[in-house]
2 protein chains.
Amino acid sequence: MQTLWQFMRSHPIGGTLSKNDWENNDFLSVTAKIYKPHSVIGRQDDDNSEIFIVKSGWAILYHGLLDGERQIIDTPLTGDIVGFRSVDGPRLASLASITELTVYEISSKELVEAILSEGRLGKKIACSLARLNAILAEHLMNTGRRNAMSRTAHFLLELEERLSMVRLSAHGRYECPLTQHELADILGMTTVHVNRTLRELRKADLVSFKAGHVQVINRKKLVEIAGFDNEYLR
Amino acid sequence: MQTLWQFMRSHPIGGTLSKNDWENNDFLSVTAKIYKPHSVIGRQDDDNSEIFIVKSGWAILYHGLLDGERQIIDTPLTGDIVGFRSVDGPRLASLASITELTVYEISSKELVEAILSEGRLGKKIACSLARLNAILAEHLMNTGRRNAMSRTAHFLLELEERLSMVRLSAHGRYECPLTQHELADILGMTTVHVNRTLRELRKADLVSFKAGHVQVINRKKLVEIAGFDNEYLR
DNA sequence: CGCTATCTTGACTGAACTCAACTAACGTGG
DNA sequence: CCACGTTAGTTGAGTTCAGTCAAGATAGCG
């Protein structure tokens, strides 16, 4: 059992709040819950209204379409908020763990009440949502206006940047537990084409993705063909 | 010159606040500014940090890529917030008017201060951003996992729903001042293909888009091929 | 050791793009 | 008021990038 102030200090939401700020607010308690790899944490269309904040591990947030296809909306990482809705209602997307995943689970109603009585929390949540917005907008450019190469390159660079911010990447290297199939559902491509594209990227000595390990080889060129600008992740 | 409470009562952000709620807060004044059709209200990469709230008219929020392509992120409508960022920094996208456009312009810094001192504002902003998130996620499904037909159908249904909420659509009819070229940049397609797709939709007696006028003809079938569920717009 | 998930590759297909030409609508200035 | 330029929309022919289908390789696991 922990209070929310602990979350507030986690990256990338930032830690401008001291523990003291929250002493009168520990009614807003959160439990850190641990899930096994490949478990479903929250299911699309379900009515349970918890909000999740990722503490550690990899997850995917996805929406299944009627024809059996799915689109992965985002890969929430440490500090990211999932499931906040503008109104009461069913979940719009499912959250599933990829690795072992630790999440804070907060009652939606209690979080809203806490926002009402503590402006700093409202600000943090708003900022976090604004950042997610920017990420989604960038994914939209990816699927809408970039070809397979530049799209894949862009996403791998995004991951590198996001992971750096939570100390999970350095020197262009990081662990990425996503399968090519999952990558395909993120990028709006087929598994087969993801495979070919990764081969191309490797052959061009730009970036390699093998056995869950990503290594940026030629950052300058990669950034160029991806049209990558990290400003949106700040 | 108006105070922000006026905005708060506008759809779809909802009007749970009374004028009284804001009497001690009219330091947060906002000016409603009117722009001519096809003017640029805020430019990508610029450092001015106003936040815009659309009062009336049509606008597009877009991001230009290096190769001259652009992706339209959203078409903000009455009540929608544009330009809120998680940190200080340049604009991530440009905002341009399509029709005559009236927007409230609010200093980013002042808005954040107001959020800090008034929880209800923070809640409203957070909810508004969460809704935008849901819209972007849906656009992502569109470009990532739906074909031209169902993608176009989906967007036309989204517009119908969003416009209904601000009383600008009824009985499946609404005015839409977007060109096919703009539609293409929203949907991640080419102008030519948008044209062909609209013809198909018309020929199948599903929906017609002619001369800025949209008419849903067979809603049931249209919803079906689009895989449309309006829940995300609530 | 066999089962299953993941990855890889090749051959073929097709949805959407490109290029190009033409029509329609509109505005504006001579 | 018509001539001209400009923007928007339309259509056809040919191309291409990514998808589909199918088969095999690899590897992790119970």
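Just so it is clear: chains get the letters A, B, ... in the order the sequence lines come, proteins before strands, and each one is counted from 1. Bear in mind that the values here come from a model prediction, so they are computed numbers and not experimental data.
Between the side chains of B/His63 and A/Glu138, not a single donor N or O lies within less than 3.5 Å of an accepting N or O. A donor atom on one side chain and an acceptor atom on the other are found under 3.5 Å apart for A/Thr179 and A/Glu182. Between the side chains of B/Glu158 and B/Tyr232, at least one donor N or O sits under 3.5 Å from an acceptor N or O. If you check the side chains of A/Arg145 and B/Gln71, you find no donor sitting under 3.5 Å from an acceptor. Side-chain atoms of A/Ser97 and A/Ser39 include a donor-acceptor pair closer than 3.5 Å. Residues B/Thr152 and B/Thr197 bring no donor and acceptor atom of their side chains to less than 3.5 Å of each other. B/Thr143 and A/Thr143 share a side-chain donor-acceptor pair at under 3.5 Å.
Each of A/Gly188 and B/Arg199 has a nearest nucleotide on DNA chain D; the 5'-most of these lies closest to B/Arg199. Between B/Gly212 and A/Met189, the residue anchored closer to the 5' end of DNA chain D is B/Gly212, taking for each the nucleotide with the nearest heavy atom.
To the nearest angstrom, C1' of D/dG19 lies 11 Å from CD of A/Glu69. Between A/Asn195 atom CG and D/dG24 atom P there is a gap of 18 Å when expressed in whole angstrom units. The nearest whole Å value for the distance from the NE2 atom in A/His181 to the P atom in D/dG19 is 13 Å. One interatomic measurement links the two molecules: CD of B/Gln180 to P of D/dT11, which rounds to 10 Å at whole-angstrom precision. In this structure, NE2 of A/His193 is placed 13 Å from C1' of D/dT20, rounded to the nearest angstrom.
Using a 4.5 Å cut-off on side-chain heavy atoms (C-beta onward), A/Leu178 and A/Leu183 make contact. Residues A/Leu198 and A/Arg196 form no side-chain contact, since every pair of their non-hydrogen atoms from C-beta on lies 4.5 Å or further apart.
Chain B approaches DNA chain C within less than 4.0 angstrom (heavy atoms of the protein), and the contacting nucleotides run 5' to 3' from C/dA16 to C/dC19.
An end-to-end axis angle of 30° holds for the helix from C/dC1-D/dG30 to C/dG30-D/dC1, taken from five base pairs per end and rounded to 10°.
Classification of B/Asp46 and B/Arg91 as a salt-bridged pair fails, no side-chain N sitting under 4.0 Å from a carboxylate O. Checked for salt-bridge contact, A/Arg162 and A/Asp80 meet the test: a charged N lies under 4.0 Å from a carboxylate O.
Of the residues in residues 139-158 of chain B, not one comes within less than 4.0 Å of DNA chain D through any heavy atom.
Put simply, the side chain of B/Arg196 and the base of D/dG12 share a donor and an acceptor less than 3.5 Å apart.
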